[in-house]
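Reading through the structure tokens given below for one structure.
Source: prediction; values computed, not measured. Because only heavy atoms are used, hydrogens play no part in the values below, and waters and symmetry mates are left out as well, while side chains stay in.
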Amino acid sequence: DRPPPSAYRVPWRVVRDEPRHPIVINDSTDPADFVRVFTDATDQDDRTQLWGRVPPADHIRVCLCDTDLDSAIVTLAWYRPSDGLEYLWRFVP
């Protein structure tokens, strides 16, 4: 029998100083691969942002200019290089 996998702390931290432009920081010691961000933006072209690889300590600003902040949800999807699994995490601005 294999032991269950240990818990994996979400690598993201969000700075919400500007509600329409939250900053997402990779707060871990590992890179995140193939990072994609999905928002509730009204402009269909801006719904998905492809960030690619986000190294530790990197930060990226999410633009929510055309989004209703009262109902906005931001979803991040990424792969963890150490296990190759896809992870999802959501936050509200």
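- In terms of heavy-atom proximity, A77 sits nearest to E86 at CB-OE2, 3.8 Å.
- A donor-acceptor distance shorter than 3.5 angstrom exists from the side chain of R20 to the backbone of T67, with no hydrogens or angles considered.
- The six-membered or imidazole ring of W78 lies near that of W12, with a centre-to-centre distance under 6.0 Å.
- The neighbour count for H21 NE2, taken as heavy atoms of other residues, nucleotides or ligands under 6.0 Å away, is above 12.
- Here T29 pairs with nothing under the side chain to side chain donor-acceptor pair (under 3.5 Å) rule; sequence neighbours left out.
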Applying side chain to side chain contact (heavy atoms under 4.5 Å, CB included), run through L76 and W51 and close with a yes or a no. CA-CA 10 Å; L76 280 82; W51 290 358; 4.2 Å; yes
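- The salt bridge (Lys or Arg N to Asp or Glu O under 4.0 Å) pairs that include a residue from residues 48-60 are D33-R53, where partners are two or more places apart or lie in different chains.
- In the hydrophobic clustering of ILVMFWY residues, with side-chain heavy atoms under 4.5 Å counting as a link, L69 and V62 come out together.
- For the pair R36 (side chain) and F34 (backbone), a donor-acceptor distance under 3.5 Å is present.
- By the side chain to side chain donor-acceptor pair (under 3.5 Å) test, R16 is found to be paired with no residue, residues two or more places apart in sequence or in another chain being considered.
- Not a single side chain to side chain donor-acceptor pair (under 3.5 Å) links R9 to another residue, sequence neighbours left out.
- Both V14 and V10 are part of a single hydrophobic cluster, where members link through side-chain heavy atoms under 4.5 Å apart.
- With a 4.5 Å cut-off on side-chain heavy atoms, V74 and P22 do not count as touching.
- Looking only at side-chain heavy atoms (C-beta outward), V24 and F91 come within less than 4.5 Å of each other.
- Salt bridge present: E18 and R61 bring a charged side-chain N and a carboxylate O closer than 4.0 Å.
- S28 and N26 are linked by a side-chain donor-acceptor pair at a separation below 3.5 angstrom, with hydrogens and angles left out of the test.
- Outside the 6.0 Å centre-distance limit, the rings of Y79 and Y87 are not counted as a close aromatic pair.
- The hydrophobic cluster analysis finds L88 isolated: no Ile, Leu, Val, Met, Phe, Trp or Tyr side chain comes under 4.5 Å of it, directly or through other members.
- Proximity of T75 to V37: side-chain heavy atoms (C-beta onward) are nowhere separated by under 4.5 Å.
- Under the 4.5 Å side-chain heavy-atom criterion for grouping Ile, Leu, Val, Met, Phe, Trp and Tyr, L64 is not connected to L50 through any hydrophobic cluster.
- More than 12 heavy-atom neighbours from other residues, nucleotides or ligands sit within 6.0 angstrom of OH on Y8.
- Through chains of ILVMFWY side-chain contacts below 4.5 Å, I25 is grouped with V15, I23.
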